[in-house]
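First comes the structure, then the notes that go with it.
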Amino acid sequence: MDEFVKTHNRVVIDKTIDALRKNGFGARFFGSREELSAFVLEMAQDCETVGVAGTHTVRALGIPSMLENAGKTLYDHWKLTPGTPEELACRKKQLTADLFLTSANAVTMMGEIVNRDGAGNRVNAMTFGPGKVVIVIGRNKITPDIDAAILRIEGLSAPVRATSLKRKTPCVSLGHCVDCDTTDRICRITSILHKQPMMSNITVAVLDEELGY
């Protein structure tokens, strides 16, 4: 990568981390996947249960299997059949896990965390319930402001996620959100964390790499 691009990327990351901290969140920079994974394992040391959201970002790092190898009990609904009572129970257990692992659709340089959900288990667990929350993002998820965050979700995150779920929504074929009214719609809840919620412990782990969508 061009040295000037690297410098620019680090400026953006540093400003975002500073803004997150000013808003009460924990925020850490990681230069490698190995460093970030080691940090999550450290955060999980005193935890018995770990909830894992529907996130490609965390799974791309191989963190769930590392936690299982460390003897942690994982609440990972992706391992269960969608729509079953077992899957619903697993999603509910994520809300009270000792540690909840997730990603975000976007994090602004103003220190805000922006998400759009279908069921709400991810954003609910992110804001209240678990003992700790770690939000893992690649630098590609950083946007200048909330407007840009929404554009990112509607132009990339939501269409890609709908495609991965094999949903029959307009965004799958059009490539962008059109605020559809289909039964397959996954964009049903928009959540913006302006400040760290009361009675929560949230850390945003920023990887200096493009990761997830």
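Quick note: residue numbers are just sequence positions, from 1. What you see is a predicted model, and the numbers here were worked out from it, not measured in a lab.
Looking only at atom types and distance, the side chain of Ser157 has no donor-acceptor partner in the side chain of Arg116 under 3.5 Å away. A donor-acceptor pair shorter than 3.5 Å can be found between the side chains of Lys141 and Thr57. Neither side chain, Asn23 nor Glu112, offers a donor N or O lying under 3.5 Å from an acceptor on the other. Judged by distance alone, the side chains of Thr7 and Arg10 never bring a donor and an acceptor atom under 3.5 Å apart. For the residue pair Glu86/His77, the side-chain donor-acceptor check at 3.5 Å is not satisfied.
Side-chain atoms of Thr143 and Val107, non-hydrogen and from C-beta on, never get closer than 4.5 Å to each other. Asp14 has its side chain out of reach of Val12: every pair of non-hydrogen atoms, C-beta onward, lies at least 4.5 Å apart. Proximity of Leu36 to Ser32: side-chain heavy atoms (C-beta onward) are nowhere separated by under 4.5 Å. Counting heavy atoms from C-beta outward, Val178 and Cys171 have side chains that stay 4.5 Å or more apart. By the 4.5 Å heavy-atom criterion applied to side chains, Lys6 and Asp2 are not counted as neighbours.
Gly31 approaches Asp208 most closely through the heavy-atom pair CA-CB, 4.4 Å. Residues Arg188 and Thr182 approach most closely at NH2-O, 3.8 Å, considering heavy atoms. Nearest heavy atom pair, residue Ala119 against residue Arg91, reads CB-NH1, 4.0 Å. Here the closest heavy-atom approach between residue Pro144 and residue Ala148 is recorded as CD-CB, 3.6 Å. For the pair Gly212 and Asn140, the tightest heavy-atom approach, listed with the atom from each and the gap, is O-ND2, 3.1 Å. Looking at every heavy atom in both residues, Ser191 comes nearest to Val123 through CB-CG1, 3.7 Å.
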task: Begin from the C-alpha positions of Asp98 and Thr49 and carry the test side-chain hydrogen bond (donor to acceptor under 3.5 Å, both in side chains) through to its verdict.
output: CA-CA 5 Å; Asp98 297 324; Thr49 58; 3.3 Å; yes
message: Show, in sequence, the C-alpha distance, side-chain angles and deciding distance for Ile113 and Ile192, and conclude whether the side chain to side chain contact (heavy atoms under 4.5 Å, CB included) test is met.
response: CA-CA 6 Å; Ile113 301 168; Ile192 301 173; over 6 Å; no
field: Check against side chain to side chain contact (heavy atoms under 4.5 Å, CB included), Thr84 and Thr81
entry: CA-CA 6 Å; Thr84 61; Thr81 303; 3.5 Å; yes
task: Report the C-alpha separation of Val58 and Thr102 in whole Å, then their side-chain angles, then the decisive distance to 0.1 Å, and conclude whether the side chain to side chain contact (heavy atoms under 4.5 Å, CB included) test is met.
output: CA-CA 7 Å; Val58 171; Thr102 185; 6.0 Å; no
message: Let's go through Val50 and Thr73 carefully: what are the C-alpha distance in whole Å and the side-chain angles of both, what is the deciding distance for side chain to side chain contact (heavy atoms under 4.5 Å, CB included) to 0.1 Å, and is it a yes or a no?
response: CA-CA 6 Å; Val50 181; Thr73 298; over 6 Å; no
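A salt bridge is defined here as a Lys NZ or Arg NE, NH1 or NH2 lying under 4.0 Å from an Asp or Glu carboxylate O, and Glu68 with Lys79 meets this definition. We find that Lys132 and Asp46 are joined by a salt bridge, their nearest charged nitrogen and carboxylate oxygen being less than 4.0 Å apart.
Every residue was checked against the salt bridge (charged side-chain N to carboxylate O under 4.0 Å, His left out) condition with Asp184, not counting sequence neighbours, and none meets it. Scored by the side chain to side chain contact (heavy atoms under 4.5 Å, CB included) test, Arg33 finds Leu61, Leu207, Glu209, Leu211 as partners (sequence neighbours excluded).
Between atom CD1 of residue Ile146 and atom CZ of residue Arg152 there is a gap of 15.5 Å, rounded to the nearest 0.5 Å. In this structure, OH in Tyr213 is found 8.5 Å from OG1 in Thr55, a value given to the nearest 0.5 Å. Of the inter-residue distances, the one linking Asn105 atom CG with Glu154 atom CD reads 11.0 Å to the nearest 0.5 angstrom. Expressed to the nearest 0.5 Å, how far CZ of Arg122 lies from CZ of Phe100 amounts to 8.0 Å. Distance CD1/Ile150 to SG/Cys187: 9.5 Å, rounded to 0.5 Å. Taking CG of Asp117 as the reference point, atom OG1 of Thr190 lies at 9.0 Å (rounded to 0.5 Å).
The closest donor-acceptor contact from the side chain of Gln94 to the backbone of Asp76 lies at 3.5 Å or more, if one exists at all. Arg21 places a side-chain N or O within 3.5 Å of a backbone atom of Ala27 that can act as its donor or acceptor partner. No side-chain donor-acceptor contact under 3.5 Å links Ser200 to the backbone of Ile202. Using a distance-only test at 3.5 Å, with no hydrogens or angles considered, a donor-acceptor pair links the side chain of Ser65 to the main chain of Gly62. Thr163 places no side-chain N or O within donor-acceptor distance of the main-chain N or O of Val172, the cut-off being under 3.5 Å. Glu87 contributes a side-chain N or O that, together with a main-chain N or O of Gly83, makes up a donor-acceptor pair within less than 3.5 Å. Remark: side-chain polar atoms of Lys93 are not paired, donor with acceptor, to backbone N or O of Gly51 under 3.5 angstrom.
Under a cut-off of 6.0 angstrom, the local environment of CD in Glu48 is sparse, with at most 12 non-hydrogen atoms contributed by other residues, nucleotides or ligands. Within a 6.0 Å radius of CE in Met66, other residues, nucleotides and ligands contribute more than 12 heavy atoms. More than 12 heavy atoms of other shown residues, nucleotides or ligands fall within 6.0 angstrom of atom CG in Asn69.
With hydrophobic clusters built from ILVMFWY side chains whose heavy atoms lie under 4.5 angstrom apart, Ile63 shares a cluster with Leu74. Hydrophobic clustering of Ile, Leu, Val, Met, Phe, Trp and Tyr side chains at less than 4.5 Å, counting indirect connections, unites Val206 with Met126. When the side chains of ILVMFWY residues are joined at heavy-atom separations under 4.5 Å, either directly or via intervening members, Ile17 and Ile135 end up in a single hydrophobic cluster. One hydrophobic cluster holds both Val52 and Phe39 under the rule that ILVMFWY side chains link at heavy-atom gaps under 4.5 Å. In terms of hydrophobic clustering, with Ile, Leu, Val, Met, Phe, Trp and Tyr side chains grouped at heavy-atom distances under 4.5 Å, Val136 and Phe25 are assigned to different clusters.
Note that Arg139 lies outside the cation-pi zone of Phe29, set by a 6.0 Å cut-off to the ring centre and a 45° limit from the axis.
Evaluation of the side-chain hydrogen bond (donor to acceptor under 3.5 Å, both in side chains) test over residues 171-180, restricted to residues two or more places apart or in two chains, returns Asp179-Arg185.
Using the six-membered ring where Trp is involved, Trp78 and His56 have ring planes that are perpendicular, over 60° apart on the 30 and 60° scheme.
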